[in-house]
Structure formats: structure tokens, C-alpha cells
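Heads up, the thing below is written out as C-alpha cells.
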Amino acid sequence: MSEWVVLVLAMALVCAVVVAVVVLQQRRIGEDDDPSETPDVIEYMTMMIGVIYAIVLGLAIAGVWEARSAAQDNTFNEAQALHEVSARAQVYPAAVRDRVRSDIDAYVSYVVHTEWRHMEEQQSLSPHGTELLDRVRHDILDREPASEAESQNYQAMADLVATADAARNTRGQSAGPTMPGVVWFGLIAGAVVTVGLMFTLQIRRSARELVLAGTFSALIVFLLFLIWDLDTPFGQGLSATPQPFVDLFPSVG
């Protein structure tokens with residue numbers, strides 16, 4: 001089942017539960033009940049809790065979005081470094097140049113078609129991907145410069161491979177969730193408290209109040225889903241993609 005279908009079902013379920021609780025609560029209220037008796041302090045506390053929870057939600061969304069953006073930028077840096085190595089290999093003889101570019105293409109193809117899914121499922125890098133990048137490193141470092149042009153490019157290419165390796169390691173460290181479990185507990189508990197506080201204000205069964213209560217509850221579910229979807233930078237949905245590799249190496253796309 002699609003994660004978006006699950007989101008829609010969850011939002012609809014929360015709306016239905018809130019409306020059902022309001023309706024059942026209204027039936028139990030006596031004729032002499034006066035909604036104006038709600039203490040002002042409860043309204044103040046409800047407002048403050050809502051503001052605090054809104055700030056927490058905003059910080060959580062900003063945090064996971066920043067992690068996702070950093071992961072995408074890091075992926076671009078890795079792809080760009082390898083693209084530059086492939087371009088600078090022009091100074092080598094045809095046999096060496098073709099071997100370097102072939103090994104880079106093999107690594108990029110593996111990352112795009114295999115390792116990315118491995119990171120989604122295992123939340124770690126694939127050992128075979130590390131072997132393929134090491135092969136590119138040896139292609140560069142194990143060859144003694146045979147001309148002035150090779151000498152001028154040797155250190156730059158070695159640095160670019162090191163940059164790609166560092167970006168790859170960072171990608172591996174970012175493969176798992178970024179939000180600790182205790183933060184998730186706070187977000188979910190805060191959602192329950194925030195929605196539950198609506199009932200302390202003696203909400204009625206008017207169409208306007210029911211629509212607002214259901215919409216507010218659905219909004220909180222959507223924001224929590226958005227945080228969950230962005231929590232794993234290399235997961236599914238709105239996560240980082242291998243598109244920079246595809247853009248810079250169209251042949252492996």
C-alpha cells in the first residue's frame with residue numbers, strides 16, 4: 001500500500017475519532033450545562049500548549065529538512081568529484097583513460113541502481129560499493145605520472161577521489177533516521193495532548209466546530225507524517241535521490 005494512501009487513511013481516521021468523541025460527549029451533557037463556565041485559565045493553557053507544540057513541530061520539520069538538504073548536497077559533491085576525475089583522465093593514454101572511466105561508470109551505476117536501495121533497506125553502505133570506489137582510487141594512485149600533464153593532474157585527481165570517498169562515508173553515516181526515539185515520543189504525546197485539549201473547552205456539535213476540530217487534527221497528522229517521511233534522508237518519498245549521478249553520468253541512468 002502506498003505511503004500516501006496510509007496518510008489519507010490515518011488523517012480520515014483521526015478526524016472520524018475526534019468527531020465521534022465530540023458527538024458522544026455531547027449526548028452525555030445535561031440540559032443545565034453552561035459552556036461559558038469554562039475557566040479562563042484553561043483557555044490560556046490551551047493556547048500556550050498549542051503555541052509550544054507548534055514551535056516544536058516547526059523545529060522538527062526544519063531539522064529533518066536540513067538533514068535531507070545536506071544529504072542531497074553531499075550526494076552532488078560525490079558525483080561532481082567523480083565527474084571531474086573522469087574529465088581529468090583525458091591526460092592519460094587511451095588504455096588507462098578508458099579503464100579509469102569504466103571503473104567510475106561501474107561505481108556510479110552500482111550506486112544508482114543497487115546501493116541506493118540497499119541504503120533504504122539496510123540504512124548502511126554496501127561493501128561492494130566500497131570495493132568499486134577503491135578500484136578507482138588504485139587506478140589513480142598506482143600509476144606513476146609519465147608526462148608533465150599527468151604530473152600536474154596526479155595530485156588533483158587523488159584529492160578528488162579522496163573528496164568522493166569522504167562524501168560517500170558521510171552518505172553512509174546519514175543513511176539512518178535523524179530523529180531520536182525520545183523526540184518521536186514527545187511529538188506524538190504532544191499531538192495527543194494538543195488535540196485532547198479541545199475537549200476541555202467544551203466543543204459543541206455545530207458544523208463549524210466539527211470541521212475545525214477535524215481539520216486541525218488532520219493537519220497535525222500530516223505534519224507528523226511529513227517529519228517521518230523526511231526523517232531518513234535516503235529513504236523514500238521526499239528523501240534525497242541519486243539524481244546528481246544520473247545528471248553527470250547520463251550513460252548509467
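Val111 places a side-chain heavy atom less than 4.5 Å from the side chain of Tyr107. Side-chain contact between Ile227 and Trp184 is present, with at least one heavy-atom pair separated by less than 4.5 Å.
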Identify all side-chain donor-acceptor contacts of residues 214-222 below 3.5 Å with residues at least two apart in sequence or on another chain.
residue	atom	partner	partner atom	Å
Thr215	OG1	Val211	O	2.7
Ser217	OG	Ala213	O	2.8

Self-check item: side chain to side chain contact (heavy atoms under 4.5 Å, CB included) between Gln123 and Met119, intermediate numbers included
Solution: CA-CA 4 Å; Gln123 299 180 355; Met119 288 196 307; over 6 Å; no

Quiz prompt | Intermediate values then yes/no, side chain to side chain contact (heavy atoms under 4.5 Å, CB included), Leu141 and Tyr154 | solution = CA-CA 8 Å; Leu141 299 182; Tyr154 177 81; 3.8 Å; yes

Exercise. Check the pair Thr241 / Phe234 against side chain to side chain contact (heavy atoms under 4.5 Å, CB included), numbers first and verdict last.
Key: CA-CA 7 Å; Thr241 67; Phe234 297 99; over 6 Å; no

Quiz item: Where do Val108 and Val246 land on the side chain to side chain contact (heavy atoms under 4.5 Å, CB included) test, with the steps shown first?
Solution: CA-CA 8 Å; Val108 171; Val246 178; over 6 Å; no

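For the atom pair Ile52 CD1 and Leu57 CG, the distance stands at 12.5 Å (nearest 0.5 Å). Taking CD from Glu115 and CG from Leu133, the interatomic distance works out to 9.5 Å, rounded to the nearest 0.5 Å. One distance of note links CG of Asn77 with CZ of Arg171; it measures 12.0 Å at 0.5 Å rounding. Taking CD1 from Ile104 and CG from Leu132, the interatomic distance works out to 12.0 Å, rounded to the nearest 0.5 Å. Here CG of Leu160 is found 8.5 Å from CG of Leu82. Values are rounded to the nearest 0.5 Å. Interatomic distance, Phe245 CZ to His113 NE2, rounded to the nearest 0.5 Å: 12.0 Å.
No side-chain donor-acceptor contact under 3.5 Å links Glu78 to the backbone of Asp165. Side chain of Asp103 to main chain of Val136: no donor-acceptor pair is present (N/O by atom type, distance under 3.5 Å, no hydrogens or angles). In terms of modelled atom types and a separation under 3.5 Å, the side chain of Arg97 and the main chain of Ala89 share no donor-acceptor contact. Asp231 places a side-chain N or O within donor-acceptor distance of the main-chain N or O of Thr178, the cut-off being under 3.5 Å.
Nearest heavy atom pair, residue Phe249 against residue Ser86, reads CE2-CB, 4.4 Å. Here the shortest heavy-atom pairing between Ala60 and Met179 reads CB-CE, 3.9 Å. In this structure, Leu230 and Trp65 approach most closely via the heavy-atom pair CD1-CE3, 3.7 Å. The heavy-atom pair separating Pro242 from Val112 by the smallest distance is CB-CG2, 4.2 Å. Here the closest non-hydrogen pair linking Ser251 and Asp105 is OG-OD2, 4.3 Å. Closest of all the heavy-atom pairs between Ala156 and Arg88 is CB-NH1, 3.7 Å.
Val17 and Leu223 fall within a single hydrophobic cluster, where Ile, Leu, Val, Met, Phe, Trp and Tyr side chains are chained together by heavy-atom contacts under 4.5 Å. Val161 and Phe76 are assigned to two separate hydrophobic clusters, defined by single-linkage of ILVMFWY side chains at heavy-atom distances under 4.5 Å. Tracing side-chain contacts under 4.5 Å through hydrophobic residues (I, L, V, M, F, W, Y), one reaches Val64 starting from Val56; they form part of the same cluster. In terms of hydrophobic clustering, with Ile, Leu, Val, Met, Phe, Trp and Tyr side chains grouped at heavy-atom distances under 4.5 Å, Leu212 and Met47 are assigned to different clusters. The same ILVMFWY cluster, assembled from side-chain heavy atoms under 4.5 Å apart, contains both Met11 and Leu13.
In this structure, the ring pair (Phe, Tyr, Trp, His ring centres under 6.0 Å) partners of His128, at least two apart in sequence or on a different chain, are Tyr110.
At a cut-off of 3.5 Å, with distance as the only test, a side-chain donor of Arg168 or Thr130 sits close to an acceptor on the other residue. Inspection of the Asn169 and Gln173 side chains reveals no N or O donor paired with an N or O acceptor under 3.5 Å.
Within a 6.0 Å sphere centred on CD of Glu121, heavy atoms belonging to other residues, nucleotides or ligands number more than 12. More than 12 heavy-atom neighbours from other residues, nucleotides or ligands sit within 6.0 angstrom of CD on Gln243.
Residues Glu131 and Arg135 are not paired through a salt bridge, judged by the lack of any N-O separation under 4.0 Å between the basic side chain and the carboxylate.
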